[in-house]
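Input: one structure, supplied below.
None of these values were measured; they are calculated from a predicted model.
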Amino acid sequence: SVVDKNTKEIIIKVVNASGQSQAYDLQFKGVSKVSKTASLTVLKNELTAMNSFQYPATIKPVASEIPVKGKTVNVSLAPYSLSVIKVKIL
């Protein structure tokens, strides 16, 4: 994880290398307050999937918003995925 001082965001990158979904509670310590929502961008597909000129969007990022409760966010990581979570520091 990293803190971007220019955008005032905590940025966390998580890889789930297993074939099973994984659920985690992420706690933001060391900050006084964070926003009530976080952005979640996920890149996922089958292990053998790849983009090509014929199918350029086989693997593409999918963005969504997830709730933050206090200073904790619960995130479910899809199998074989890369997730990027961004939370604003208030």
### Query
Under the 4.5 Å side-chain heavy-atom rule for ILVMFWY, direct or indirect, which residues accompany Y24?
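Other cluster members: V3, I10, I12, V14, L26, F28, V31, V34, L40, V42, I66, V68, V73, V75, L77, I85, V87, I89.
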### Query
Is there a side chain to side chain contact (heavy atoms under 4.5 Å, CB included) between T41 and V62 once you walk through the steps?
CA-CA 5 Å; T41 305; V62 176; over 6 Å; no
### Message
According to a hydrophobic-cluster definition based on side-chain heavy atoms being under 4.5 Å apart (Ile, Leu, Val, Met, Phe, Trp, Tyr only), do I59 and L47 belong together?
### Response
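Unlinked, I59 and L47 end up in two clusters.
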#### Entry: Exercise: identify the closest heavy-atom pair between S21 and A78
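Closest approach of S21 to A78: OG-CA, 4.3 Å.
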### Query
More than 12 heavy atoms of other residues, nucleotides or ligands under 6.0 Å from CD of Q20: is that the case?
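Counting other residues, nucleotides and ligands, CD of Q20 stays at 12 neighbours or fewer.
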### Task
Starting from F53, walk the hydrophobic network (Ile, Leu, Val, Met, Phe, Trp, Tyr; side-chain heavy atoms closer than 4.5 Å) and list everyone else you reach, by chain and number.
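So far as hydrophobic clustering goes, F53 is joined with none.
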### Query
Can you name the residues that form a side-chain contact (heavy atoms from CB on, under 4.5 Å) with D25, not counting sequence neighbours?
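Partners of D25 by the side-chain contact (heavy atoms from CB on, under 4.5 Å) criterion, ordered by chain and then number, come out as T72, N74.
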#### Entry: Heavy-atom closest pair, residues Q22 and S18
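It is NE2-OG, 3.3 Å.
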#### Entry: Atom of L43, atom of K60 and distance for their closest heavy-atom approach
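For L43 versus K60, the nearest heavy atoms are CD1-C, 3.4 Å.
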### Task
Mark yes or no for whether N16, through its side chain, and Y80, through its backbone, hold a donor-acceptor pair below 3.5 Å.
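No.
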### Message
Name the residue from E9, K88, K86 that meets the side-chain contact (heavy atoms from CB on, under 4.5 Å) definition with S39.
### Response
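Exactly one option meets the side-chain contact (heavy atoms from CB on, under 4.5 Å) with S39, and it is K86.
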### Query
Is it the case that more than 12 heavy atoms not belonging to K44 sit under 6.0 Å from its NZ atom?
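12 or below, so no.
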### Message
For a quick test of reading the model, state the closest non-hydrogen atom pair linking E65 to T37 and the distance between them.
### Response
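In terms of heavy atoms, the two residues are closest at OE1-OG1, 3.3 Å.
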